[in-house]
Amino acid sequence: MNEIRALKLYNTLSGKKETFKSIVPGHVGMYVCGPTVYYDAHLGNCRTFVSFDVIYRYLLHLGYKVRYVRNITDVGHLTDDGEDRMAKGAKIAQLEPMEVAQKFTVGFHEMMRVFNTLPPSIEPRATGHIPEQIEMVQSILDRGYAYERNGSVYFDVPKFVNENPGVYGSVSGRVLEDLYAETRELKNQDEKNHPADFAIWMKARPQDLMVWKSPWSVGFPGWHLECSAMSTKYLGKTFDIHGGGNDLKFPHHENEVAQNHGSCGCSPANYWLHTNMLLLNGKKMSKSDGNFITAAELFSGDSPLVSKGYSPMAVKFFMLMAHYRSTLDITDDALLAAEKGFRKLMETHKLLQNMPVDPRNFDGSETDTDRAILSLIENAYQGMDDDFNTAVAIAALNELGGYVNKLANQQLSHSEVAPWVLERLKTVFKTFIHDIFGLKEEDANEDNGTLEGLMELLLDIRAQARQQKDWATSDKIRDALAVVGIQVKDGKEGATWSKT
RNA sequence: GGUAUCGUGGCCGAGUGGUUAGGCACAGGUCUGCAAAACCUGCUACAGCGGUUCGAAUCCGCUCGAUACCUCCA
């Protein structure tokens with residue numbers, strides 16, 4: 001129903017904004033690196049997936065048919081001591097590795113649900129694609145870009161760099177010289193020809209629990225391989241968009257590109273999108289060094305970092321107030337501001353949707369107000385078209401909200417706004433808030449009309465009292481409701497209410 | 001040490017050569033029985049120093065500071 005607008009997005013490969021053109025007109029293939037399920041997802045993870053959810057939703061809104069693939073990594077990561085991450089979690093919890101993976105996968109899905117994100121089209125698991133990964137290792141070997149050493153297989157980075165100029169480093173900006181300059185002491189490097197080489201198949205040691213048979217050894221695939229194999233399987237050798245967190249640029253994405261190139265001689269994705277980090281106390285949130293707050297802690301307020309709990313939608317709105325490529329620092333003040341802004345916008349949204357459209361007295365002329373509203377709507381769209389700038393779109397909605405409130409207060413006459421413009425405004429608010437941002441009323445599923453009925457009665461009684469200038473009764477109702485978290489708002493046409 | 005990115009008003013945060021970001025906070029006002037809500041107005045910034053330009057927060061250089069990556073990280 002929507003014509004496809006010109007969309008610009010920032011491509012990490014070129015370092016600038018480019019006009020988006022999909023490989024197959026009207027269709028988009030998008031792959032996003034998903035979570036490693038050995039621990040609770042933290043807020044930083046949430047930000048990335050919320051960002052890509054909005055990107056997914058906007059592409060859908062524009063009319064694209066999108067296949068959105070987001071993986072679950074449930075094997076293959078090595079810890080500093082070389083132990084499989086899933087196995088480590090298993091030992092701590094004394095569970096089967098797949099039990100650990102399952103537990104945190106369920107938790108991750110729950111978190112994504114709480115943030116009201118759409119599920120991806122396909123959510124493949126690394127452990128479910130071992131044959132595909134083994135096949136890819138074989139094709140990389142066949143093409144001469146890997147070598148076997150004692151049952152493990154390593155990607156030959158220097159050879160790849162020599163034979164494919166301009167490819168390695170295209171994501172991270174890193175060049176082989178930098179890698180030569182790497183002086184850090186690394187373990188288990190003795191088998192590699194070059195420090196920049198990386199494992200695509202690891203021979204298992206006795207303590208490894210998740211192992212598979214392969215032509216080279218009983219072992220497990222390298223960390224970067226799963227994404228290469230699964231993106232190829234579901235989206236083809238070359239697809240449109242590949243996304244992930246900034247911190248995955250190197251080595252993960254760089255090596256992913258090398259593997260795809262190494263196995264098929266082509267680039268995996270035309271556009272690489274990277275979200276920036278969520279900071280906490282000005283530092284990156286990271287589960288490995290303990291500087292993080294879980295979403296649950298933020299929601300409950302059970303953390304010294306926040307003065308109170310913040311609802312998932314307020315937190316999501318906070319994230320959307322910043323552009324996805326900027327770092328975003330979590331502070332209590334900023335969350336407080338976002339929460340207020342969110343509630344105000346949602347209240348305005350509710351007012352707007354309940355506003356009657358009456359075409360009877362419309363004289364057919366276009367007013368300055370009409371033009372201003374239409375121009376702000378265009379601003380909102382242009383913001384999204386410009387690399388998914390949710391901050392700009394929200395600013396436009398806020399300004400539009402001013403007109404809505406003025407109409408509701410009768411500070412602006414309904415004759416100033418053409419009926420079709422008001423209808424358009426309603427649609428735009430609905431579209432942006434629900435369809436594109438994926439925001440929703442927080443208490444939408446809590447009551448079933450009971451509260452509405454009670455409030456109608458109370459406000460009716462109060463209106464009668466006010467008519468008789470019985471301020472004591474009137475104020476008693478207002479104050480008592482305030483105590484239970486309901487704010488009464490008196491307007492020209494009677495009172496409305498909202499939860500605080 | 002190497003490589004990037006960034007430094008915007010009290011706070012958060014868009015913008016990137018000339019035009020209002022927006023939100024929150026604060027102050028004044030309108031409305032109101034009083035409040036609240038809403039609306040209006042005000043506060044009005046681009047780290048520092050140089051350079052390019054008719055014009056720079058926006059481009060270039062340097063300085064200072066911050067963050068991230070450099071084989072666990074979204």
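Sequence lines set the chain letters: A, B, ... in the order given, protein chains first and strands last, and positions in each chain run from 1.
- To the nearest whole angstrom, the two P atoms, one in B:A47 and one in B:C11, are 14 Å apart.
- Between A:Tyr39 and A:Phe104, the angle of the ring planes stays under 30°, which puts this pair in the parallel group of the 30/60° scheme.
- In this structure, A:Gly282 reaches the sugar-phosphate backbone alone: every heavy-atom distance under 4.0 Å involves primed, P, OP1 or OP2 atoms, never a base.
- Side-chain atoms of A:Ser326 and base atoms of B:G13 include no donor and acceptor less than 3.5 Å apart.
- Closest to the side chain of A:Ala337, out of B:A38, B:G23, B:C69, is B:G23.
- In this structure, CD on A:Glu191 lies 9.0 Å from OH on A:Tyr147, to the nearest 0.5 angstrom.
- Residue A:Asn255 is classed as having no contact, given no heavy-atom separation below 4.0 Å to the nucleic acid.
- Comparing the C1' positions of B:A45 and B:C34 gives a spacing of 38 Å, expressed to the nearest Å.
- To the nearest whole angstrom, the two P atoms, one in B:G28 and one in B:A37, are 15 Å apart.
- A:Lys159 forms a cation-pi arrangement with A:Tyr145, by the criterion of a distance under 6.0 Å to the ring centre and an angle within 45° of the ring axis.
- A distance cut-off of 5.5 Å between ring centres, combined with a plane angle under 30°, leaves A:Phe49 outside any stacking arrangement with the base of B:A74.
- Side-chain contact, A:Asp74 with A:Thr127: a donor N or O sits under 3.5 Å from an acceptor N or O.
- OP1 or OP2 of B:A38 has not a single side-chain nitrogen or oxygen of A:Asn409 nearer than 4.0 Å.
- Relative to the ring axis of A:Tyr31, A:Arg70 does not place its NZ or CZ within 45° and under 6.0 Å from the centre.
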Handout entry: Derivation and outcome, ring pair (Phe, Tyr, Trp, His ring centres under 6.0 Å), residues A:His274 and A:His253
Key = CA-CA 10 Å; A:His274 288 97; A:His253 288 160; 5.0 Å; yes
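- Checking A:Gln468 against A:Gln464 by side-chain atom types alone, no donor-acceptor pair falls below 3.5 Å.
- As rounded to the nearest Å, B:A21 and B:A57 have C1' atoms that lie 14 Å from one another.
- No N or O donor and acceptor, one from the side chain of A:Asn398 and one from the base of B:A21, sit under 3.5 Å apart.
- With sequence neighbours excluded, the residues that form a side chain to side chain contact (heavy atoms under 4.5 Å, CB included) with A:Thr294 are A:Phe292, A:Ala296, A:Glu297.
- The gap from the C1' atom of B:G13 to that of B:G17 amounts to 22 Å, rounded to the nearest Å.
- Here B:A14 presents its P atom at 19 Å from CD of A:Gln382, a figure rounded to the nearest Å.
- Contact annotation for A:Gly383: no contact, since no heavy-atom pair falls under 4.0 Å across all strands.
- Nearest nucleotide to the A:Lys340 side chain, out of B:A74, B:C24, B:A35: B:C24.
- With hydrogens and angles ignored, a donor-acceptor pair under 3.5 angstrom links the side chain of A:Asp475 to the base of B:G33.
- Closest to the side chain of A:Gln411, from the set B:U67, B:A38, B:A36, is B:A38.
- At a cut-off of 3.5 angstrom, the base of B:A35 holds at least one donor-acceptor pair with the side chain of A:Arg478.
- An OP1 or OP2 oxygen of B:C40 is reached within less than 4.0 angstrom by a side-chain nitrogen or oxygen of A:Lys406.
- Here A:Ala395 pairs with nothing under the side chain to side chain contact (heavy atoms under 4.5 Å, CB included) rule; sequence neighbours left out.
- Looking at heavy-atom distances under 4.0 Å, A:Leu336 makes no contact with the nucleic acid at all.
- Protein atom NE2 of A:His349 is 18 Å distant from nucleotide atom P of B:G23, rounded to whole Å.
- Considering only side-chain N and O atoms, A:Lys344 lies under 4.0 angstrom from the phosphate OP1 or OP2 of B:C24.
- Closest to the side chain of A:Ala395, from the set B:G22, B:A74, B:G13, is B:G22.
- Base engagement by A:Val488 is indicated by at least one non-hydrogen atom pair under 4.0 Å involving a base atom.
- With 3.5 Å as the limit, one finds no donor-acceptor pair spanning the side chains of A:Asp156 and A:His194.
- A:Leu278 comes within 4.0 angstrom of a nucleotide base, judged by non-hydrogen atoms across all strands.
- Of the candidate nucleotides B:G13, B:A36, B:U16, B:G13 has the atom nearest to the side chain of A:Leu328.
- With B:C70, B:A38, B:G22 as the candidates, the nucleotide lying closest to the side chain of A:Glu399 is B:G22.
- Nucleic acid contact class of A:Asn405 (heavy atoms, under 4.0 Å, all strands): sugar-phosphate only.
- A:Phe342 and A:Phe317 have tilted rings, their planes meeting at an angle from 30° to 60° on a 0 to 90° scale.
- Nucleotides B:C46 and B:C54 place their P atoms 24 Å apart, quoted to the nearest Å.
- Within a heavy-atom distance below 4.0 Å of RNA chain B, the residues of residues 309-324 of chain A found are A:Met321, A:Ala322, A:His323.
- Within 4.0 Å of A:Gly244, counting heavy atoms only, lie sugar-phosphate atoms of the nucleic acid but no base atom.
- Remark: A:Lys308 pairs with A:Glu339 by the side chain to side chain donor-acceptor pair (under 3.5 Å) rule, at least two apart or across chains.
- Between A:Asp333 and A:Cys33, the residue anchored closer to the 5' end of RNA chain B is A:Asp333, taking for each the nucleotide with the nearest heavy atom.
- On the P atoms, B:G15 is 16 Å away from B:U5, given to the nearest whole Å.
- Only the P atoms considered, B:G61 is 16 Å distant from B:G7, to the nearest whole Å.
- Taking the side chain to side chain contact (heavy atoms under 4.5 Å, CB included) definition, one finds that A:Ala337 meets it with nothing, sequence neighbours left out.
- Counting non-hydrogen atoms under 4.0 angstrom, A:Ala334 reaches the backbone sugars and phosphates but no base.
- For the pair A:Asn389 and B:G15, the criterion of a side-chain N or O lying under 4.0 Å from OP1 or OP2 is met.
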Practice task
Could you provide the dot-bracket string of RNA chain B, using ( ) for intrastrand pairs, [ ] for crossing pairs and | for bases paired to another strand, with Watson-Crick or G-U pairs below 3.5 Å?
Solution key: (((((((..(((.....[...))).(((((.......)))))....(((((..]....))))))))))))....
